[in-house]
Protein chains: 4
Amino acid sequence: MPKHPDPSRRSERSRQAILAAARELVSEVGYAKVSIEAIAARAGVGKQTIYRWWRSRGAVVFDAFLALSEVDEGGGMALPDTGDIEADLKLVMRATVAEFADPAFEGPIRALNTEIISDPDLAAQYRERLAAPLDEAKKARLRSAQRAGQIAAGTDLDLALELLYAPLFQRWLHRSGPLTPEYADALVDLFLKAVRPA
Amino acid sequence: MPKHPDPSRRSERSRQAILAAARELVSEVGYAKVSIEAIAARAGVGKQTIYRWWRSRGAVVFDAFLALSEVDEGGGMALPDTGDIEADLKLVMRATVAEFADPAFEGPIRALNTEIISDPDLAAQYRERLAAPLDEAKKARLRSAQRAGQIAAGTDLDLALELLYAPLFQRWLHRSGPLTPEYADALVDLFLKAVRPA
Amino acid sequence: MPKHPDPSRRSERSRQAILAAARELVSEVGYAKVSIEAIAARAGVGKQTIYRWWRSRGAVVFDAFLALSEVDEGGGMALPDTGDIEADLKLVMRATVAEFADPAFEGPIRALNTEIISDPDLAAQYRERLAAPLDEAKKARLRSAQRAGQIAAGTDLDLALELLYAPLFQRWLHRSGPLTPEYADALVDLFLKAVRPA
Amino acid sequence: MPKHPDPSRRSERSRQAILAAARELVSEVGYAKVSIEAIAARAGVGKQTIYRWWRSRGAVVFDAFLALSEVDEGGGMALPDTGDIEADLKLVMRATVAEFADPAFEGPIRALNTEIISDPDLAAQYRERLAAPLDEAKKARLRSAQRAGQIAAGTDLDLALELLYAPLFQRWLHRSGPLTPEYADALVDLFLKAVRPA
DNA sequence: CGATAAACGAGACGGTACGTCTAGTCTTCCA
DNA sequence: TGGAAGACTAGACGTACCGTCTCGTTTATCG
């Protein structure tokens, strides 16, 4: 029978120290070389305290970055809405392209995806805690465009979102082509053609 | 100065044994738990023989599956071309959806992507040896549709291909939604709207 | 400053539970594998309760067996005295030999000696609470033999006792020879030769 | 099936480093606190190299001291033989008493006995490699005394040896009395009385 | 055709990290 | 307010692999 520790007695101080140590180590030595041993040492924490609350090294690091992202965005979050869906989307997609090109994001995001791919549990957490809020914000903008008659009324917004973002994501993940502002623009153009009202 | 072994003296018997052992072990215990030690033992081979010819565990396993795929497809490969681009694409996309759902492919493909994400070298090999031929076949079909006036003349086929496949790939990778024949159809419909002639 | 708990408030129920748990665990898994953790869990007691009242794991287990032995023998205890010192000693030594051969005694006694060797404190307790009463009984019988003129008047009884028992003990401890009734007899013969009146 | 490593490939350098480290650590921190981890670190050796060649921590430390003792004594070894068995034995026993009192020997010998008590394997090694040669030398002296008519012809020399040494050993092990030159003399007197010719 | 040099199987080596276990301390909560 | 419960820091346990490094043993050209 597996022991279930009592979360009410959990040390918040240790939890924070562990997440901070994980973040630091990832950016210092890279995700692949971060060990639970090193996190524990850096955090001034017994290894058991990590094993008690996380299933795996992946889960710790994942949590560390998720916590970071959740803090960053907080609750409210919205895409620009000038009324011009094309301009707004190009702005956003160019920003996204730039973000993916940022070496500081590169490592952690790739690490995140590495974990997500083969761990359905972490994938679910990722969707719920990170992707879902972002997607909702994006869909809000698309809905606004729908109301403005710029996007067809019956469009499946989940599918539309994939159409817009997945090409960019895949190109980045597989390094199968350059990520430029022009690419972002071309993608938006094609996307808008696909979803415009008949 | 790093020693460069002479490929002409390489033992083909050992090479085959290693790749076979790698494949077997991946399907038996899962990619993450396959070790070079285990591959060597299973193949009846010294560890050094693996280190001599491959850079990393990822490279071995990658090679093992690449070799498998390359054998499967051989040289020629073409998508169906009945003249009806919509019907042809839906057929292909439904088949792709089914393939991704196959548990036998699931594991290895996820493992492959795990390696690719953080190893640019393997990513390049993947593109050249696996993705490129497939993409070429797909682009050939799209060109045929272009000639038939079903797809706009100026369309960037690389981008178009991403528009068609990336949404499916991302949904599978992140498990962010169901992969059904209906999904395949909806994706093709949206895609064709995006690339149809003005 | 070390806290000295008030013995008057000590929970007798906990004490008994701890000693019982210690005894059970020793006979179940062997002395070397008994941990304070396991004793506390088995006794349904907090670890601190053990640390409060005992100095070490050895002290707990030692106490557990000492308590047991003290109960067994009670107060009165005497060697047989038929007037024939040779016959009486051979009887006693043969019994002792048999006791050492008993597998049920083997483990605990070896464990006891392990602790005693390197912990002077436990050694002192052992002498006072276990060895002294036994030795006193044995010396009583020797004194009786002295009075009967079977043992020299000036004999140092402490040394005599060592002469009689230490060879047997050492042979058992080091497993340096067989422990048989014949051995007991031979030992008694030699002993009596050493201590007989001039 | 337990793996049996090939002794011919064993690194003598590592073996020596391990034994030396073990000896150093025992005298620095005491036997009880010596860990395999520490020995490996001190010796500049992987832990596996220790586990490959020794069964337990006890076995390593044991070997370390046994190796030391074996070197010390070399092959030849004999007790003094002036023709006066009483004088010779008193000399030897006084020396033995002094040796046991030496704090530098105290620790290691107690540690040795701790291991021996509960590990029959080590006990056997101890008898063969350490005790047997010493006992043989002692028995040689007793045989010489037998030939000189100072000890009864039929005496069982193994038993006699125990009679002579076990009391001293037990008193030291259990700290049950003072170890003085006078004690040594008294012991020899009693011993000689036991074994003298009828 | 015999030497000679490479790749080979095997596996010991110094190491790192694993995940588990226990020590001994500290904290919380209950009776 | 003492004691059960158990989370905490610390660190050893024994195992699994890492990548490197000898060892002999094939093999396979070349002199």
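First the proteins, then the strands, lettered A, B, ... as listed; each starts at 1. From a predicted model like this one, the values you see are computed outputs, not experimental measurements.
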*Asks:* Without decimals, in angstroms, what is the distance between D/Trp53 CH2 and E/dG14 P?
*Replies:*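 From D/Trp53 CH2 to E/dG14 P: 12 Å.
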*Asks:* Nearest whole angstrom, please: distance from the C1' of F/dG3 to the CZ of C/Arg52.
*Replies:*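 Result: 6 Å.
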*Asks:* Report the distance from atom NZ of C/Lys33 to atom P of F/dA12, rounded to the nearest whole Å.
*Replies:*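 Checked: the NZ to P distance equals 21 Å.
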*Asks:* Under 3.5 Å, is there a donor on one side chain and an acceptor on the other for C/Gln125 and C/Arg129?
*Replies:*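 Yes, side-chain donor-acceptor contact under 3.5 Å.
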*Asks:* Identify, between B/Ser11 and D/Arg9, the residue whose nearest nucleotide on DNA chain E lies closer to the 5' end.
*Replies:*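 Going by which nucleotide is closer to the 5' end, it is B/Ser11.
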*Asks:* Could you check whether the side chain of C/Lys47 and the base of F/dG6 have a donor-acceptor pair of N or O atoms closer than 3.5 Å, going by distance alone?
*Replies:*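 No such pair is found, so the answer is no.
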*Asks:* Grab the CG-P distance between B/Asp6 and F/dT27 for me, whole Å please.
*Replies:*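 About 17 Å, once rounded to whole Å.
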*Asks:* Specify the residue among B/Tyr51 and C/Gly46 whose closest nucleotide of DNA chain F lies further upstream toward the 5′ end.
*Replies:*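 It is C/Gly46 whose nearest nucleotide is closer to the 5' end.
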*Asks:* Within this structure, what is the CD1-to-P distance between A/Ile39 and E/dG19, rounded to whole angstrom?
*Replies:*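 It works out to 11 Å between those atoms.
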*Asks:* Taking for each residue the nucleotide of DNA chain E with the nearest heavy atom, is it C/Ile36 or D/Arg10 whose nucleotide lies nearer the 5' end?
*Replies:*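 Mapping each residue to its closest nucleotide by heavy atoms, the 5'-most match is D/Arg10.
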*Asks:* Find the distance B/Ile50:CD1 to F/dC21:P and express it as a whole number of Å.
*Replies:*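 My rounded result for the distance is 18 Å.
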*Asks:* Enter the distance from A/Arg10:CZ to A/Arg15:CZ here, rounded to the nearest 0.5 Å.
*Replies:*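 Rounded to the nearest 0.5 Å, the CZ-CZ separation comes to 6.0 Å.
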*Asks:* May I ask you to decide if D/His4's main-chain N or O and D/Arg52's side chain share a donor-acceptor pair within less than 3.5 Å?
*Replies:*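 Not a single qualifying donor-acceptor pair exists.
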*Asks:* For DNA chain F, whose closest nucleotide is more 5', that of B/Ser35 or that of A/Gly44?
*Replies:*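 So the residue in question is A/Gly44.
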*Asks:* Under 6.0 Å from the ring centre and within 45 degrees of the ring axis: does the NZ or CZ of A/Arg9 meet both conditions for the six-membered ring of A/Trp53?
*Replies:*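 Here A/Arg9 fails the 6.0 Å and 45° test against A/Trp53.
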*Asks:* Rounded to the nearest angstrom, tell me the gap between atom CD in C/Glu37 and atom P in F/dA5.
*Replies:*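 Rounded to the whole Å, the gap is 14 Å.
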*Asks:* Considering just the side-chain nitrogens and oxygens of C/Ser14, establish if one lies under 4.0 Å of OP1 or OP2 belonging to F/dA4.
*Replies:*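 Checking C/Ser14 against F/dA4: at least one side-chain N or O falls below 4.0 Å of OP1 or OP2.
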*Asks:* Okay, side chain of B/Arg110, backbone of A/Ile117: is any donor-acceptor separation there less than 3.5 Å?
*Replies:*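 Yes; judged by distance alone, with no hydrogens or angles, the pair exists.
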*Asks:* Classify the nucleic acid contact of A/Ser8 as base, sugar-phosphate or nothing, counting any heavy atom under 4.0 Å across all strands shown.
*Replies:*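 Contact class for A/Ser8: none.
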*Asks:* Can you find an N or O donor on one side and an acceptor on the other, under 3.5 Å apart, linking the side chain of D/Gln48 with the base of E/dC13?
*Replies:*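 No, the side chain and the base share no sub-3.5 Å donor-acceptor pair.
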*Asks:* Could you state the atom-to-atom distance from CH2 of A/Trp54 to P of F/dA7 in whole Å?
*Replies:*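 My rounded result for the distance is 14 Å.
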